[in-house]
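As structure tokens, the structure follows; a few thoughts come after it.
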Number of protein chains: 2
Amino acid sequence: MLKIAKLTDYGTLLMTTLALEPSSVLNAQELAVRSHVAAPTVAKLLKLLVKGGLVESTRGAHGGYRLARDATTITVADVVTALEGPIAITACALHGGGCTIEGSCTSRSNWRLIDDAVRDALSAVTLAQMAQPRTRPKFAKPVPLSAVAHE
Amino acid sequence: MLKIAKLTDYGTLLMTTLALEPSSVLNAQELAVRSHVAAPTVAKLLKLLVKGGLVESTRGAHGGYRLARDATTITVADVVTALEGPIAITACALHGGGCTIEGSCTSRSNWRLIDDAVRDALSAVTLAQMAQPRTRPKFAKPVPLSAVAHE
DNA sequence: GGATACCGGACCGGAATGGTGCGGATTGTA
DNA sequence: TACAATCCGCACCATTCCGGTCCGGTATCC
């Protein structure tokens with residue numbers, strides 16, 4: 001597993017939907033239709049994404065949502081962070097104090113290392129890439145992630 | 001979030017505990033003491049780890065557990081896979097059929113890409129490294145993930 | 001044969017997640 | 001100015017999943 005929340009999955013779907021039409025302002029209803037996600041869920045997600053600073057909202061009649069930044073500058077890591085909070089694999093990284101095992105935690109420092117790696121992996125893919133049906137043939141494994149991230 | 005299950009965290013703790021004493025056979029009780037994890041939980045985890053082929057068990061009096069392979073050949077990814085099943089960030093990757101959004105899933109192929117990256121990240125750290133208080137200074141971020149993976 | 005210890009389930013309570021609804025605030029239009 | 005469209009924030013509920021426990025069974029050693 002190690003899965004992201006289903007809502008986060010929907011969230012990226014929404015974001016890519018927005019990314020396909022950067023110049024338009026789409027309302028929640030319209031986004032629900034295009035992304036095939038239930039309308040109430042869409043509304044909930046958009047609120048979180050607004051709070052996270054990833055999309056901008058326009059209130060009132062003919063209001064709606066659009067990306068706050070260019071799709072090439074928004075990464076999957078941004079979306080995940082906005083919807084699920086800071087990316088931290090281990091629970092321990094958060095509730096600093098109450099760890100009953102603290103003493104024997106030689107592995108803690110190593111987990112952070114893994115955290116960083118995962119964060120990098122998620123930061124390597126932008127919304128613009130997600131919006132494309134397939135980012136090129138599918139660059140083979142040997143290509144370093146960091147190279148992809150900076151393209 | 002994007003967190004691994006707490007049990008998985010404990011699981012790696014157990015594995016590192018075993019890694020510290022490769023030649024001994026430790027029983028569940030003893031492992032519970034050393035890892036500071038509740039005994040019943042330890043037992044449960046060990047069952048899963050055995051099933052996953054990561055540890056070997058000896059039954060009967062003076063039985064116990066030990067690593068099935070050398071600590072340098074067991075990665076965190078192995079442990080996570082044994083305890084949580086195949087590493088797949090998206091839920092969609094599993095329940096193949098019932099996706100209501102299938103048509104618009106241009107992003108699916110891109111998620112797999114991220115899956116691979118995360119998998120690589122987890123495969124990059126071995127038990128032997130986790131057992132050490134700190135794997136060298138902490139190789140800086142600019143190092144490409146894939147380079148770490150193959151070291 | 002008895003004690004030790006693993007094995008494979010079933011089982012349960014609590015938390016988190018996914019999903020829904022409602023009153024309120026803001027903006028455009030008639 | 002009144003009304004409609006639309007976002008906003010919060011509270012709420014049901015279900016699922018997770019962490020944790022227990023028990024009967026089996027294998028091995030003394």
Side-chain angles (χ1 to χ4, degrees), chain A residues 1-11 13-14 18 24-33 35-66 68 80 83-85 90-92 94-95 98-101, chain B residues 1-14 18 24-33 35-66 68 80 83-85 90-92 94-95 98 100-101:
Chain A
M1 299 217 180
L2 187 92
K3 65 179 191 304
I4 60 173
K6 201 195 299 182
L7 280 184
T8 306
D9 197 355
Y10 292 159
L13 210 48
L14 279 180
L18 284 170
S24 305
V25 172
L26 303 172
N27 64 30
Q29 175 67 25
E30 177 65 19
L31 283 170
V33 173
S35 63
H36 301 91
V37 176
T41 303
V42 169
K44 184 176 191 172
L45 283 171
L46 286 170
K47 292 171 198 169
L48 289 172
L49 292 170
V50 168
K51 190 182 291 183
L54 297 181
V55 310
E56 286 177 351
S57 62
T58 310
R59 302 180 65 161
H62 297 85
Y65 300 90
R66 65 184 172 84
V80 172
L83 296 180
E84 309 196 7
T90 57
C92 228
L94 303 176
H95 63 74
C99 196
T100 58
I101 331 179
Chain B
M1 302 218 181
L2 187 91
K3 64 181 188 303
I4 62 173
K6 202 195 298 181
L7 281 184
T8 306
D9 197 356
Y10 292 159
T12 57
L13 209 49
L14 279 180
L18 284 170
S24 306
V25 172
L26 304 172
N27 64 28
Q29 176 66 25
E30 178 63 21
L31 283 170
V33 172
S35 63
H36 302 91
V37 177
T41 304
V42 168
K44 185 175 191 172
L45 284 171
L46 286 171
K47 293 172 199 170
L48 290 172
L49 292 170
V50 169
K51 189 182 292 183
L54 297 181
V55 310
E56 285 177 351
S57 63
T58 310
R59 304 180 64 161
H62 299 86
Y65 300 90
R66 64 183 172 84
V80 172
L83 296 179
E84 309 196 6
T90 56
C92 228
L94 304 176
H95 62 73
T100 59
I101 331 179

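Residue numbers start from 1 in every chain, and the chains themselves are labelled A, B, ... in the order their sequence lines are given, proteins ahead of strands.
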For [N], does OP1 or OP2 lie under 4.0 Å from any side-chain N or O of [X]?
| X | N | answer |
| --- | --- | --- |
| A/Ser57 | D/dT6 | no |
| A/Tyr65 | D/dC8 | yes |
| A/Thr58 | C/dT27 | no |

For the pair made of [atom1] in [X] and [atom2] in [N], what is the distance, rounded to whole Å?
| X | N | atom1 | atom2 | answer |
| --- | --- | --- | --- | --- |
| A/Leu7 | D/dT15 | CG | C1' | 14 Å |
| B/Leu46 | D/dG20 | CG | C1' | 15 Å |
| B/Leu83 | D/dC18 | CG | P | 12 Å |
| A/Arg66 | D/dT6 | CZ | P | 17 Å |
| B/Leu14 | D/dG19 | CG | P | 14 Å |
| A/Leu26 | D/dA5 | CG | P | 18 Å |
| A/Leu45 | C/dG18 | CG | P | 9 Å |
| A/Lys6 | D/dT16 | NZ | P | 10 Å |

inquiry  = What I'd like to find out is whether the side chain of A/Leu14 reaches to under 4.5 Å of the side chain of A/Leu31, using heavy atoms alone.
reply    =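 Touching, per the 4.5 Å side-chain cut-off.
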By nearest atom, which of the nucleotides [options] is closest to the [X] side chain?
| X | options | value |
| --- | --- | --- |
| A/Val50 | D/dC8, C/dC6, D/dC7 | D/dC8 |
| A/His62 | C/dA25, C/dG18, C/dT29 | C/dT29 |
| A/Pro40 | C/dA5, C/dT20, C/dT29 | C/dT20 |

task = Could you tell me which residues satisfy side-chain contact (heavy atoms from CB on, under 4.5 Å) with B/Arg59, sequence neighbours excluded, listed by chain and number?
result =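 So B/Arg59 forms no side-chain contact (heavy atoms from CB on, under 4.5 Å) with any residue.
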key: Under the side-chain contact (heavy atoms from CB on, under 4.5 Å) test, residues paired with B/Ala43 that sit two or more places apart   =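 Partners of B/Ala43 under the side-chain contact (heavy atoms from CB on, under 4.5 Å) test: none.
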message = As a test of understanding, state which of B/Leu83, B/Leu45, B/Leu13 forms a side chain to side chain contact (heavy atoms under 4.5 Å, CB included) with B/Thr8.
response =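 Checked B/Leu83, B/Leu45, B/Leu13 against B/Thr8; only one passes side chain to side chain contact (heavy atoms under 4.5 Å, CB included): B/Leu83.
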message = Quick check on side chain to side chain contact (heavy atoms under 4.5 Å, CB included): which of A/Leu48, A/Leu26, A/Leu49 does A/Val55 satisfy it with?
response =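 Passing option: A/Leu49.
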task = Assign A/Ala43 to base, sugar-phosphate, or nothing according to its heavy-atom contacts below 4.0 angstrom with the strands shown.
result =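 Since no nucleic acid heavy atom lies under 4.0 Å of A/Ala43, the category is nothing.
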5'-most by nearest nucleotide on DNA chain C - A/Ala39 or A/Arg59 =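 Result of the comparison: A/Ala39.
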key: Residue mapping more 5' on DNA chain C - nearest nucleotide basis, A/Thr8 or B/Gly60   =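 That would be B/Gly60.
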query = Do A/Glu84 side-chain atoms and A/Ala5 backbone N/O form a donor-acceptor pair below 3.5 Å?
reply =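 Checking the backbone N and O of A/Ala5 against the side chain of A/Glu84, a donor-acceptor pair under 3.5 Å is found.
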Each nucleotide N or O in nucleotides 9-11 of chain D that has a protein N or O under 3.5 Å away: list the pair and distance.
{"unit_1": "D/dG9", "atom_1": "N7", "unit_2": "A/Lys47", "atom_2": "NZ", "d": "3.1"}
{"unit_1": "D/dG9", "atom_1": "O6", "unit_2": "A/Lys47", "atom_2": "NZ", "d": "3.3"}
{"unit_1": "D/dC10", "atom_1": "N4", "unit_2": "A/Lys47", "atom_2": "NZ", "d": "3.4"}

query = CG/A/Leu54 to CG/A/Leu46 distance, rounded to the nearest 0.5 angstrom?
reply =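 These two atoms lie 11.0 Å from each other.
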ask   = If you count the non-hydrogen atoms of other residues, nucleotides and ligands that lie under 6.0 Å from CD in A/Glu56, is the total more than 12?
value =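 Yes, the 6.0 Å shell around CD holds more than 12 heavy atoms from other groups.
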ask   = Quick one: on DNA chain D, does B/Thr41 or A/Gly63 contact a more 5' nucleotide (nearest heavy atom)?
value =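 Counting from the 5' end, the first nearest nucleotide belongs to A/Gly63.
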